[in-house]
Amino acid sequence: MTDRIARVTPKGVHTAESAYEVDTIVYATGFKSTEFLVPMEVVGREGRSLGERWKDGAEAYLGISVPGFPNLFMLYGPNTNLGHNSIIFMIECQVAHIMACLPHVGASGPIEVRPEAMAAWRRQLDVAMSRMVWGAGCRSWYKTADGRITNNWPGPTTLYRRLTARPPEPAYRAVGPG
């Protein structure tokens, strides 16, 4: 049933169109799965908040790093949710990637993902998502209001392992002290 509920009675639910006799009503108010980090506020290098950057949908390189936010590394970030495997596997891949970044932080100071690496990553995700069932003409909690899928990983976890195992040098840059 998708009709707007007009009233609930001891015997069921009434809409403007019909009456439905029911034994149980599940009152589910939903949640905001596409709003990452809520209610925390994270402020980046240029004073811009992550919430502002993500107002049109969360995105992070490999689901881990965001341009303009030096040394910010996330676990279970955008586009890393699974419906077919263990999220622990994904987190282990993310931790390994972050650990590979730390020697660069130690050697050169703060690092951040390059904007061009983020843009290329987003293009890859958009293409992959367009082929997935979530990208079809349906509405779901996986999508932002404008239809971007920000939660799910669109491929096999073995691919994610290969991608997160790449050396960080080409995708990241040193941004100097604070």
Side-chain angles (χ1 to χ4, degrees), residues 1-44 48-69 72-95 97-98 113 118-164:
M1 174 180 76
T2 58
D3 298 339
R4 188 175 295 260
I5 295 173
R7 68 183 185 279
V8 176
T9 68
K11 294 213 179 255
V13 176
H14 292 259
T15 69
E17 304 297 319
S18 300
Y20 300 89
E21 195 169 312
V22 298
D23 295 322
T24 305
I25 297 172
V26 177
Y27 183 67
T29 59
F31 59 104
K32 297 177 180 179
S33 71
T34 58
E35 292 184 22
F36 290 75
L37 298 177
V38 172
M40 295 184 292
E41 183 176 11
V42 177
V43 178
R48 187 174 181 197
S49 76
L50 194 52
E52 179 185 327
R53 173 160 171 92
W54 285 355
K55 71 181 183 327
D56 296 323
E59 62 181 10
Y61 176 72
L62 300 174
I64 298 171
S65 301
V66 179
F69 293 82
L72 174 65
F73 302 104
M74 290 176 268
L75 301 178
Y76 198 31
N79 294 108
T80 62
N81 185 54
L82 296 174
H84 65 290
N85 211 307
S86 169
I87 193 60
I88 294 169
F89 178 85
M90 298 292 275
I91 291 171
E92 288 171 344
C93 294
Q94 293 158 7
V95 168
H97 180 81
I98 293 165
V113 69
M118 181 66 240
W121 178 248
R122 174 145 182 216
R123 285 190 302 273
Q124 291 172 4
L125 281 173
D126 288 346
V127 167
M129 287 299 177
S130 72
R131 298 180 186 133
M132 305 302 291
V133 68
W134 312 303
C138 65
R139 287 183 21 186
S140 79
W141 64 269
Y142 295 122
K143 292 183 175 184
T144 62
D146 70 348
R148 275 194 55 223
I149 301 163
T150 58
N151 295 67
N152 295 352
W153 168 244
T157 54
T158 53
L159 172 60
Y160 190 75
R161 179 188 294 240
R162 284 193 306 276
L163 292 169
T164 55

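Residue numbers count from 1 along this sequence. Every value quoted in this text rests on a predicted model; they were computed, and no experiment measured them.
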Trainee: Show the nearest heavy-atom pair for residues Met74 and Ala60, with the distance to one decimal.
Mentor: CE-CB, 3.6 Å
Trainee: Answer yes or no: is there a donor N or O on one side and an acceptor on the other, between the side chain of Tyr160 and the main chain of Leu62, under 3.5 Å?
Mentor: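 The answer is yes, because a donor-acceptor pair under 3.5 Å joins these two groups.
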Trainee: Below 30° counts as parallel, above 60° as perpendicular, anything between as tilted: where do the rings of Trp121 and Trp153 land?
Mentor: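 Correct class here is parallel.
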Trainee: So which pairs with a foot in residues 123-134 pass salt bridge (Lys or Arg N to Asp or Glu O under 4.0 Å), sequence neighbours left out?
Mentor: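 Qualifying pairs, neighbours excluded: Arg122-Asp126.
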Trainee: Give me the atom names and distance for the closest heavy-atom approach of Ser49 to Phe69.
Mentor: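 Looks like C-CZ, 3.8 Å.
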Trainee: Distance check, rounded to the nearest 0.5 Å: Leu75 atom CG versus His97 atom NE2?
Mentor: 11.5 Å
Trainee: Check for a donor-acceptor pair, side chain of Glu41 on one end and backbone N or O of Gly51 on the other, with a separation under 3.5 Å.
Mentor: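 Side chain of Glu41 to backbone of Gly51, a donor-acceptor pair under 3.5 Å: no, none is there.
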Trainee: Start with the C-alpha distance between Val42 and Val66, add both sets of side-chain angles, then the distance that settles side-chain contact (heavy atoms from CB on, under 4.5 Å), and finish with yes or no.
Mentor: CA-CA 11 Å; Val42 177; Val66 179; over 6 Å; no
Trainee: Looking at OG1 of Thr150 and CD of Glu59, how far apart are the two atoms once the value is rounded to the nearest 0.5 Å?
Mentor: 10.0 Å
Trainee: Mind checking salt bridge (Lys or Arg N to Asp or Glu O under 4.0 Å) for Arg161 and listing every partner two or more places apart, or none if nothing turns up?
Mentor: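 Listed in chain order: nothing, the list is empty.
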Trainee: What heavy-atom pair brings Met129 and Pro154 nearest, and what distance separates the two atoms?
Mentor: CE-CD, 3.6 Å
Trainee: To the nearest 0.5 Å, what is the distance between SG (Cys93) and CD1 (Ile88)?
Mentor: 12.0 Å
Trainee: When rounded to the nearest 0.5 angstrom, what is the spacing between CG in Leu163 and OG1 in Thr157?
Mentor: 11.5 Å
Trainee: Between the side chain of Asn79 and the main-chain N/O of Asn152, is any donor-acceptor distance below 3.5 Å?
Mentor: yes
Trainee: Write down the atom of Arg53, the atom of Pro67, and the distance for their closest heavy-atom approach.
Mentor: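 Of all heavy-atom pairs spanning Arg53 and Pro67, the closest is NH2-CD, 3.5 Å.
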Trainee: Between Tyr142 and Asn81, does a side-chain contact (heavy atoms from CB on, under 4.5 Å) hold up when you go through it step by step?
Mentor: CA-CA 10 Å; Tyr142 295 122; Asn81 185 54; 4.0 Å; yes
Trainee: Measuring from atom CG of Leu159 to atom OG1 of Thr164, what distance do you get when rounded to the nearest 0.5 angstrom?
Mentor: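 One finds 9.0 Å between CG of Leu159 and OG1 of Thr164.
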Trainee: Report the distance from atom CD1 of Ile91 to atom OG1 of Thr80, rounding to the nearest 0.5 Å.
Mentor: 7.5 Å
